[in-house]
Amino acid sequence: MRKGLLAIVFFGMSFQLSASEAEEKFNDELANCAAYYQIASETIASMNAPQMKAVGKRLASSAEQAQEIARQYQPKEKVQQSVDLAKNRMLASLNGSSSLGPLMGKYKKPCQTILAEPKKRLDYWVMATM
(Lines give C-alpha, C1' and ligand atoms only; values in the text may rest on other atoms or scores of the structure.)
Protein backbone atom coordinates (compact mmCIF):
# COMPACT_ATOMS: atom_id res chain seq x y z
CA MET A 1 0.00 0.00 0.00
CA ARG A 2 2.77 2.38 0.98
CA LYS A 3 4.69 1.75 -2.27
CA GLY A 4 1.57 2.45 -4.30
CA LEU A 5 1.00 5.72 -2.48
CA LEU A 6 4.62 6.73 -3.03
CA ALA A 7 4.30 5.93 -6.73
CA ILE A 8 1.20 8.10 -6.98
CA VAL A 9 2.90 10.98 -5.16
CA PHE A 10 5.99 10.65 -7.37
CA PHE A 11 3.87 10.52 -10.53
CA GLY A 12 1.95 13.61 -9.41
CA MET A 13 5.19 15.47 -8.69
CA SER A 14 6.74 14.48 -12.02
CA PHE A 15 3.56 15.47 -13.89
CA GLN A 16 3.59 18.85 -12.16
CA LEU A 17 7.24 19.27 -13.09
CA SER A 18 6.44 18.29 -16.69
CA ALA A 19 3.55 20.75 -16.86
CA SER A 20 5.82 23.51 -15.58
CA GLU A 21 8.54 22.60 -18.08
CA ALA A 22 5.93 22.40 -20.84
CA GLU A 23 4.65 25.89 -20.03
CA GLU A 24 8.24 27.17 -20.02
CA LYS A 25 8.90 25.74 -23.51
CA PHE A 26 5.54 27.04 -24.73
CA ASN A 27 6.25 30.51 -23.34
CA ASP A 28 9.70 30.54 -24.97
CA GLU A 29 8.06 29.87 -28.31
CA LEU A 30 5.52 32.62 -27.73
CA ALA A 31 8.28 35.08 -26.80
CA ASN A 32 10.16 34.19 -29.98
CA CYS A 33 7.01 34.68 -32.04
CA ALA A 34 6.21 38.03 -30.43
CA ALA A 35 9.79 39.18 -31.06
CA TYR A 36 9.72 37.96 -34.67
CA TYR A 37 6.43 39.71 -35.35
CA GLN A 38 7.67 42.94 -33.73
CA ILE A 39 10.84 42.96 -35.82
CA ALA A 40 8.93 42.20 -39.01
CA SER A 41 6.35 44.89 -38.25
CA GLU A 42 9.01 47.50 -37.48
CA THR A 43 10.99 46.59 -40.60
CA ILE A 44 7.94 46.95 -42.81
CA ALA A 45 7.00 50.25 -41.15
CA SER A 46 10.49 51.59 -41.80
CA MET A 47 10.07 50.88 -45.53
CA ASN A 48 7.59 53.74 -45.81
CA ALA A 49 5.59 51.73 -48.35
CA PRO A 50 1.87 52.57 -48.05
CA GLN A 51 0.86 49.32 -49.74
CA MET A 52 2.56 47.38 -46.91
CA LYS A 53 0.89 49.30 -44.06
CA ALA A 54 -1.84 46.67 -43.58
CA VAL A 55 0.74 43.88 -43.46
CA GLY A 56 2.71 45.76 -40.80
CA LYS A 57 -0.43 46.21 -38.71
CA ARG A 58 -1.29 42.50 -38.95
CA LEU A 59 2.22 41.60 -37.83
CA ALA A 60 2.01 44.02 -34.88
CA SER A 61 -1.36 42.49 -33.97
CA SER A 62 0.17 39.00 -34.09
CA ALA A 63 2.97 40.16 -31.77
CA GLU A 64 0.39 41.37 -29.27
CA GLN A 65 -1.63 38.16 -29.61
CA ALA A 66 1.45 36.05 -28.80
CA GLN A 67 2.08 38.16 -25.70
CA GLU A 68 -1.56 37.93 -24.60
CA ILE A 69 -1.41 34.15 -24.77
CA ALA A 70 1.87 34.09 -22.82
CA ARG A 71 0.38 36.34 -20.13
CA GLN A 72 -2.12 33.58 -19.39
CA TYR A 73 0.78 31.49 -18.07
CA GLN A 74 3.22 33.99 -16.58
CA PRO A 75 3.32 37.55 -15.25
CA LYS A 76 3.27 40.47 -17.69
CA GLU A 77 6.78 41.58 -16.64
CA LYS A 78 8.22 38.12 -17.31
CA VAL A 79 6.56 38.03 -20.73
CA GLN A 80 8.01 41.43 -21.65
CA GLN A 81 11.46 40.44 -20.41
CA SER A 82 11.37 37.22 -22.46
CA VAL A 83 10.22 39.04 -25.59
CA ASP A 84 12.92 41.70 -25.17
CA LEU A 85 15.63 39.04 -24.79
CA ALA A 86 14.39 37.13 -27.84
CA LYS A 87 14.18 40.31 -29.88
CA ASN A 88 17.72 41.36 -28.97
CA ARG A 89 19.01 37.88 -29.84
CA MET A 90 17.24 37.93 -33.21
CA LEU A 91 18.43 41.42 -34.08
CA ALA A 92 21.99 40.41 -33.23
CA SER A 93 21.67 37.36 -35.48
CA LEU A 94 20.79 39.64 -38.41
CA ASN A 95 24.16 41.42 -38.09
CA GLY A 96 22.70 44.78 -39.07
CA SER A 97 20.90 43.43 -42.11
CA SER A 98 17.33 44.51 -42.72
CA SER A 99 16.54 41.29 -44.57
CA LEU A 100 13.84 39.32 -42.81
CA GLY A 101 14.57 36.16 -44.81
CA PRO A 102 16.47 34.28 -42.10
CA LEU A 103 13.85 35.06 -39.46
CA MET A 104 10.96 34.27 -41.79
CA GLY A 105 12.51 30.92 -42.65
CA LYS A 106 12.76 29.99 -39.00
CA TYR A 107 9.64 31.54 -37.44
CA LYS A 108 6.91 32.22 -40.02
CA LYS A 109 5.22 28.79 -40.14
CA PRO A 110 5.74 27.77 -36.48
CA CYS A 111 4.41 31.12 -35.27
CA GLN A 112 1.37 30.92 -37.50
CA THR A 113 0.69 27.46 -36.11
CA ILE A 114 1.09 28.41 -32.44
CA LEU A 115 -1.19 31.44 -32.78
CA ALA A 116 -3.81 29.46 -34.71
CA GLU A 117 -3.93 26.64 -32.13
CA PRO A 118 -2.14 27.59 -28.92
CA LYS A 119 -3.83 24.88 -26.83
CA LYS A 120 -2.72 22.21 -29.27
CA ARG A 121 0.88 23.46 -29.06
CA LEU A 122 0.81 23.52 -25.26
CA ASP A 123 -0.57 19.97 -25.32
CA TYR A 124 2.37 18.99 -27.53
CA TRP A 125 4.84 20.36 -24.97
CA VAL A 126 3.03 18.61 -22.11
CA MET A 127 3.41 15.29 -23.92
CA ALA A 128 6.99 16.00 -25.04
CA THR A 129 8.15 16.80 -21.52
CA MET A 130 6.55 13.81 -19.76
Side-chain angles (χ1 to χ4, degrees):
M1 170 97 170
R2 198 166 182 95
K3 285 182 184 180
L5 183 58
L6 285 175
I8 291 170
V9 169
F10 178 74
F11 177 75
M13 287 172 41
S14 67
F15 179 75
Q16 192 173 23
L17 228 151
S18 294
S20 175
E21 185 181 352
E23 284 182 11
E24 187 177 315
K25 300 278 189 187
F26 180 64
N27 286 322
D28 285 346
E29 286 185 333
L30 289 167
N32 285 328
C33 290
Y36 160 69
Y37 286 129
Q38 285 179 6
I39 292 168
S41 175
E42 292 164 3
T43 301
I44 288 174
S46 72
M47 295 169 134
N48 244 353
Q51 68 274 23
M52 295 296 287
K53 192 173 184 175
V55 173
K57 285 184 177 186
R58 277 196 309 272
L59 291 166
S61 175
S62 293
E64 183 54 37
Q65 182 184 0
Q67 290 178 76
E68 284 176 25
I69 295 168
R71 286 191 291 265
Q72 294 174 20
Y73 301 94
Q74 59 185 349
K76 183 178 181 177
E77 298 78 26
K78 173 77 170 132
V79 170
Q80 190 59 54
Q81 181 184 31
S82 297
V83 171
D84 290 345
L85 286 170
K87 188 174 178 181
N88 289 336
R89 189 178 60 251
M90 286 179 198
L91 288 172
S93 76
L94 293 176
N95 294 321
S97 170
S98 62
S99 172
L100 293 175
L103 294 180
M104 286 179 71
K106 186 171 182 178
Y107 295 104
K108 183 179 178 183
K109 285 285 186 197
C111 290
Q112 287 173 338
T113 301
I114 198 170
L115 292 185
E117 298 183 277
K119 176 76 172 103
K120 188 174 181 179
R121 188 62 182 168
L122 178 57
D123 290 345
Y124 161 81
W125 281 116
V126 168
M127 294 303 293
T129 57
M130 288 186 108

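Remember, it's a predicted structure, so these values are computed and weren't measured experimentally. The analysis underlying the following values was restricted to heavy atoms, covering all of them including side chains, and did not include hydrogens, waters or symmetry mates.
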Under 3.5 Å, side-chain donor or acceptor atoms of residues 30-49 against the rest of the protein: list the pairs with distances, not counting sequence neighbours.
from	atom 1	to	atom 2	distance (Å)
N32	OD1	R89	NH2	2.7
N32	ND2	D28	O	3.3
Q38	OE1	K87	NZ	3.4
S41	OG	G56	O	3.0
E42	OE1	K87	NZ	3.2
E42	OE2	K87	NZ	2.7
T43	OG1	I39	O	2.8
S46	OG	T43	O	2.7

Quick one: side chains of residues 57-70, donor-acceptor pairs under 3.5 Å with protein atoms, not counting sequence neighbours, listed by atom name and distance.
from	atom 1	to	atom 2	distance (Å)
S62	OG	R58	O	3.1
E64	OE2	R71	NH2	2.5
Q67	NE2	A63	O	3.4

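Under 3.5 Å, the side chains of N27 and E23 contain no donor-acceptor pair of N or O atoms. Residues W125 and E29 bring a donor and an acceptor atom of their side chains to less than 3.5 Å of each other.
Taking CD from Q81 and NZ from K76, the interatomic distance works out to 14.5 Å, rounded to the nearest 0.5 Å. Taking CZ of F26 as the start and OG1 of T129 as the end, the distance is 12.5 Å to the nearest 0.5 Å.
One hydrophobic cluster holds both M52 and L103 under the rule that ILVMFWY side chains link at heavy-atom gaps under 4.5 Å.
When all heavy atoms of P118 and A116 are compared, the closest pair comes out as CD-C, 3.7 Å. Between L94 and S99, the shortest heavy-atom distance links the atoms CD2-O, 3.6 Å.
Other residues sharing a hydrophobic cluster with V83 under the 4.5 Å side-chain heavy-atom criterion for ILVMFWY residues are V79.
Looking at Y73 and L122, their side chains come closer than 4.5 Å, going by heavy atoms from C-beta outward.
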